[in-house]
**Student:** 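Have a look at this one before I ask anything.
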Amino acid sequence: MDHEWKQFTPLGICFFFREGGKEFPVDCDYSLQSLASITNSKKKTSVDIFLQNVTHVTSSSSSREDSSISNGSITSSSRNNHSVAMYLEDKRKPAKPLLSDGWPKVLGEVGHVFVEGNKQVRVAFTKYHLRTSFNMVVTHNERSRFTAKCAEKRCGWKFHAASIDERNEMFQVRSYNPEHICGAGGHNLNQKYSTNFMSSLIEEEVRKNPHKKPKKIAADFQTNYGITMEYYQAYNSREKVYKTIYRDDVKSYS
């Protein structure tokens, strides 16, 4: 076994696990947490993690060797899977972390305060929903409270935040059960987004550079969040930010 391990190098290996007939890389803290969540939700005491040696994988090769690691034992096997091999080869290149990688934790915990009230809570919930892809429903979306729960009745996931001031300008998380037992989530960023949501993500950079072109905004949005933004979406979102800036300037002047 020592001889077999000598072929591995830090840049030539990749870990992954299988779920629902698909393979998912274990290459960051979030993916490791997802694996733990899936294992816990299915009441498993162990899980198979596969080790892929990608050092010798090339575009013309469809062979792969992997090792199954479970309960301290390792067994090697080989099989053909061209698409997965190519994907793992690309993963050797260091990738820039996406700003959307932190969205699963954006709802905070009990006691967390959203200083911009219901608007900020809605944006945070949208981020969480899009990044985790769990099936959830909003039961209350009002000026003084916001409540959402998992659409699966047997799942206990629930989030509730409410106003803590008379003007409803600040919200606090009153109760939150962050655990899903309804199965695996994931992330589905290729969805439709409202102008309000997109403008909230680009507001800071537009304030810093009001003359930034929509084409550049869309390109940076893709790089930062892994989300495709069309030209018209970038233009409309920028216009929305302009209105917000103008309204803030009027408030400041008053």
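Below, all heavy atoms of this structure are taken into account, side chains as well, without hydrogens, waters or symmetry copies. None of these values were measured; they are calculated from a predicted model.
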**Student:** Taking only residues two or more places apart in sequence or in another chain, which ones pass salt bridge (Lys or Arg N to Asp or Glu O under 4.0 Å) with R154?
**Tutor:** none

**Student:** Could you grab the distance from atom CG of N236 to atom OG1 of T195, nearest 0.5 Å is fine?
**Tutor:** 5.0 Å

**Student:** Keeping the roles fixed (side chain from Q233, backbone from E230), state whether a donor-acceptor pair exists under 3.5 Å.
**Tutor:** yes

**Student:** Could you go step by step and tell me if K127 and S100 meet the side chain to side chain contact (heavy atoms under 4.5 Å, CB included) rule?
**Tutor:** CA-CA 8 Å; K127 289 179 177 179; S100 56; over 6 Å; no

**Student:** Run the salt bridge (Lys or Arg N to Asp or Glu O under 4.0 Å) test against R238 and tell me which residues pass, sequence neighbours left out.
**Tutor:** none

**Student:** Can you confirm whether E203 sits close enough to T244 that some side-chain heavy atom of one is under 4.5 Å from a side-chain heavy atom of the other?
**Tutor:** yes

**Student:** Can you name the residues that form a ring-ring contact (aromatic ring centres under 6.0 Å, His included) with Y242, not counting sequence neighbours?
**Tutor:** none

**Student:** So do F114 and V121 actually touch side chain to side chain, heavy atoms under 4.5 Å?
**Tutor:** yes

**Student:** Name all residues meeting the salt bridge (Lys or Arg N to Asp or Glu O under 4.0 Å) criterion together with E204; count only those two or more places apart in sequence or in a different chain, and write none if there are none.
**Tutor:** K208

**Student:** Could you pull out all residues at least two apart from F171 that satisfy ring-ring contact (aromatic ring centres under 6.0 Å, His included)?
**Tutor:** none

**Student:** OH of Y231 to NZ of K213: how many Å apart, nearest 0.5 Å?
**Tutor:** 8.0 Å

**Student:** So how far is it from F125 CZ to L107 CG, rounded to the nearest 0.5 Å?
**Tutor:** 7.5 Å

**Student:** I'd like to know if the side chain of S175 pairs up with that of H160 as donor and acceptor (distance under 3.5 Å, no hydrogens or angles considered).
**Tutor:** no

**Student:** With under 30° as parallel and over 60° as perpendicular, where do the rings of F197 and W103 fit, or are they tilted in between?
**Tutor:** perpendicular

**Student:** Are the side chain of S199 and the backbone of N196 linked by a donor-acceptor contact shorter than 3.5 Å?
**Tutor:** yes

**Student:** Applying ring-ring contact (aromatic ring centres under 6.0 Å, His included), name anything that partners H140, two or more places apart in sequence or on another chain.
**Tutor:** none

**Student:** Run the side-chain contact (heavy atoms from CB on, under 4.5 Å) test against N168 and tell me which residues pass, sequence neighbours left out.
**Tutor:** R143, S144, S163

**Student:** Please state whether the rings of F159 and Y176 are parallel, tilted or perpendicular, taking 30° and 60° as the class boundaries.
**Tutor:** perpendicular

**Student:** Roughly how far apart are E152 CD and I181 CD1, rounded to 0.5 Å?
**Tutor:** 10.0 Å

**Student:** How about M229 and M198: do any of their side-chain heavy atoms sit closer than 4.5 Å?
**Tutor:** yes

**Student:** Are the side chain of H180 and the backbone N or O of C155 linked by a donor-acceptor pair below 3.5 Å?
**Tutor:** no

**Student:** Measuring only between side-chain heavy atoms, which start at C-beta, is N141 closer than 4.5 Å to R122?
**Tutor:** yes

**Student:** Ignoring hydrogens and geometry, is there a side-chain-to-backbone donor-acceptor pair from Q172 to G111 under 3.5 Å?
**Tutor:** yes

**Student:** Just how far is it from atom CG of N118 to atom CD of E116, taken to the nearest 0.5 Å?
**Tutor:** 11.5 Å

**Student:** How long is the span from the CG atom in L99 to the OG1 atom in T223, to the nearest 0.5 Å?
**Tutor:** 10.0 Å

**Student:** Going by side-chain heavy atoms closer than 4.5 Å, which hydrophobic residues are tied to M170, directly or by a chain of links?
**Tutor:** V113, V115, I164

**Student:** Would one find more than 12 heavy atoms of other residues, nucleotides or ligands at under 6.0 Å from atom NZ of K212?
**Tutor:** yes

**Student:** Decide yes or no for C150 and F134: does some side-chain heavy atom of the first lie under 4.5 Å from some side-chain heavy atom of the second?
**Tutor:** no

**Student:** Hydrophobic cluster membership, with links at side-chain heavy-atom distances under 4.5 Å among I/L/V/M/F/W/Y: are Y235 and I245 in one?
**Tutor:** no

**Student:** Just jot down the side-chain hydrogen bond (donor to acceptor under 3.5 Å, both in side chains) partners of T126, sequence neighbours excluded, or say none.
**Tutor:** none

**Student:** Can you check whether R174 reaches V110 side chain to side chain, under 4.5 Å on heavy atoms?
**Tutor:** no

**Student:** Is the shortest heavy-atom distance from the side chain of E109 to the side chain of V173 under 4.5 Å?
**Tutor:** no

**Student:** Report the residues that fulfil side-chain contact (heavy atoms from CB on, under 4.5 Å) with A151, sequence neighbours left out, ordered by chain and then residue number.
**Tutor:** N135, V137

**Student:** Going by salt bridge (Lys or Arg N to Asp or Glu O under 4.0 Å), name the residues that satisfy it together with K216, two or more places apart in sequence or in a different chain.
**Tutor:** D220

**Student:** Mind checking ring-ring contact (aromatic ring centres under 6.0 Å, His included) for F221 and listing every partner two or more places apart, or none if nothing turns up?
**Tutor:** Y225

